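What you see is a predicted model, and the numbers here were worked out from it, not measured in a lab. By convention in this document, chain letters (A, B, ...) are assigned in the order of the sequence lines, proteins followed by strands, and residues within each chain are numbered from 1.
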2 protein chains.
Amino acid sequence: MTGTERRVAGFEGQLREAGLRMTQQRRLILRVLAEADDHPDAKGIFTRAFAHDPTLSLSTVYRTMKVLETQGAIERHAFEDGVSRYEHADQEHHDHLIDIDSGEVIEFSSDAIEELQRRIAAELGYELVRHRLELYGRKKPPGTRGKKG
Amino acid sequence: MTGTERRVAGFEGQLREAGLRMTQQRRLILRVLAEADDHPDAKGIFTRAFAHDPTLSLSTVYRTMKVLETQGAIERHAFEDGVSRYEHADQEHHDHLIDIDSGEVIEFSSDAIEELQRRIAAELGYELVRHRLELYGRKKPPGTRGKKG
DNA sequence: CACGTTATTGCAAATCACTTGCAGCTGTCA
DNA sequence: TGACAGCTGCAAGTGATTTGCAATAACGTG
Ligand SMILES: [Mn+2]
Ligand SMILES: [Mn+2]
Ligand SMILES: [Zn+2]
Ligand SMILES: [Zn+2]
């Protein structure tokens with residue numbers, strides 16, 4: 001919890017520098033995101049936050065997500081279903097594997113693939129700015145797990 | 001052109017097997033896609049097709065794209081801008097690099113990255129079914145091109 | 001080739017996620 | 001505490017895509 005509080009405090013300073021205000025709503029939404037361990041969409045965030053403040057509106061969630069994203073406090077993802085899903089940016093870069101049967105989102109990170117993407121872009125004459133990598137897979141029966149393809 | 005015609009004919013058989021019909025509209029849209037060398041969205045396809053048949057409607061394009069996708073005749077992509085973009089599936093697998101300044105979409109394919117993705121999924125206990133890989137980059141000044149990162 | 005069945009189409013209306021105008025509310029800072 | 005500008009809730013607006021419906025066109029059959 002202390003971590004969450006620290007992040008909220010730090011973010012408040014960031015906002016102030018941008019001439020923006022730390023409102024109750026932003027504080028609440030930020031807390032919901034800091035406590036989330038999944039990738040909720042606007043409606044999901046709204047539902048969780050609404051439980052703490054029944055006067056909150058969905059438009060405020062949308063507007064806040066935009067502010068948070070601009071400030072670099074969160075990341076937005078758009079998986080196959082199309083809707084925007086968010087997660088706190090206070091973690092190192094990673095990509096996602098989506099279980100096509102359950103919809104579960106699994107995080108992973110691979111230096112090798114990051115490097116490979118950079119190299120591919122470079123070979124095409126580009127500097128890689130960002131990327132989107134999503135794997136869609138199906139759980140293998142147990143015992144099939146291993147590194148040989 | 002013969003290639004296009006052959007594909008359309010082959011696709012007609014495919015449709016028939018599914019109890020579907022090869023209509024003028026589908027034939028036209030399929031031709032537009034076969035002749036496209038970019039990644040047009042529904043409206044773009046509509047515009048091109050409309051030039052050949054001014055009675056065509058946009059909803060038919062949308063419905064047709066769904067049929068074509070289900071039949072595996074085309075692929076649908078949703079890059080960052082959100083709208084669905086399509087391309088003929090009659091080509092080998094590749095991924096895309098988007099120039100963030102011009103919006104230009106560049107195709108590339110890399111066995112190494114395909115293999116790496118498969119391995120990552122496997123290590124997480126998953127069989128990779130499909131994936132989405134998009135690189136967003138900025139053109140490097142000429143002379144900077146090379147394979148050493 | 002004409003016919004009947006049923007998939008398909010054009011059009012308008014409906015969805016859906018997200019955005020925005022507006023009037024009242026609330027941080028901030030002096 | 002007071003003024004000012006940023007924020008918020010609410011309702012209406014967007015833009016892409018979908019869908020209900022009646023008219024139309026495919027396609028197998030006779
Ligand atoms: Mn994540
Ligand atoms: Mn392509
Ligand atoms: Zn990555
Ligand atoms: Zn690929």
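The residues B:R16 and B:E12 are annotated as salt-bridged, a charged nitrogen and a carboxylate oxygen being separated by less than 4.0 angstrom. Of the charged side-chain nitrogens involved, at least one lies within less than 4.0 Å of a carboxylate oxygen, so that B:R119 and B:E115 count as a salt-bridged pair.
Of the residues in residues 45-57 of chain A, those placing a heavy atom less than 4.0 Å from an atom of DNA chain D are A:T55, A:L56, A:S57, in numerical order.
Listed by first and then second residue, the salt bridge (charged side-chain N to carboxylate O under 4.0 Å, His left out) pairs that reach into residues 48-61 of chain B are B:D38-B:R48, sequence neighbours excluded. The salt bridge (charged side-chain N to carboxylate O under 4.0 Å, His left out) analysis of residues 94-113 of chain B, with sequence neighbours excluded, yields the pairs B:D101-B:R138.
If you measure from atom CG of A:L30 to atom C1' of D:dC7, you get 16 Å, rounded to the nearest angstrom. Spacing between atom CZ of B:R76 and atom C1' of D:dA16 amounts to 12 Å, rounded to whole angstrom units. In this structure, A:R26 atom CZ and D:dC7 atom C1' are separated by 7 Å, rounded to whole Å. Nucleotide D:dA16 holds its C1' atom 8 Å from the NZ atom of B:K43, rounded to whole Å. As a whole-Å value, the separation of B:D41 CG from D:dG15 C1' is 12 Å.
Nearest heavy-atom pair across B:A49 and B:L56 is CB-CD2, 3.4 Å. Residues B:F79 and B:V105 share a closest heavy-atom pair of CE1-CG2, 4.0 Å. Nearest heavy-atom pair, A:L97 versus A:G137, reported as atom, atom and distance to 0.1 Å: CD1-N, 3.9 Å.
The backbone N or O of B:H39 lies less than 3.5 Å from a partner atom in the side chain of B:R85, making a donor-acceptor pair.
Using a 4.0 Å heavy-atom distance criterion, B:G82 is classed as making no nucleic acid contact.
Taking only side-chain nitrogens and oxygens, B:R63 never comes nearer than 4.0 Å to OP1 or OP2 of D:dT19.
For the residue pair B:E114 and B:H93, a side-chain donor N or O sits within less than 3.5 Å of a side-chain acceptor on the partner.
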Pairs under 3.5 angstrom only: tabulate donor-acceptor contacts from the side chains of residues 62-75 of chain B to other protein residues two or more places apart or in another chain.
residue	atom	partner	partner atom	Å
B:T64	OG1	B:T60	O	2.7
B:E69	OE1	B:R76	NE	3.0
B:E69	OE2	B:R76	NE	3.4
B:E69	OE2	B:R76	NH2	3.3
B:T70	OG1	B:K66	O	2.9

Filtered N/O pairs between nucleotides 26-29 of chain D and protein, under 3.5 Å:
residue	atom	partner	partner atom	Å
D:dA26	N3	B:R21	NH1	3.1
D:dC27	OP1	B:M22	N	3.0

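Checking B:V61 against B:G19, the closest nucleotide of DNA chain C that is more toward the 5' end is the one next to B:G19.
Of all nucleotides in DNA chain C, those with any atom nearer than 4.0 Å to a heavy atom of chain A start and finish, going 5' to 3', at C:dA17 to C:dC29.
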ask   = A:L135 and A:I98: side-chain contact (heavy atoms from CB on, under 4.5 Å), yes or no, with the steps?
value = CA-CA 6 Å; A:L135 306 183; A:I98 293 92; over 6 Å; no

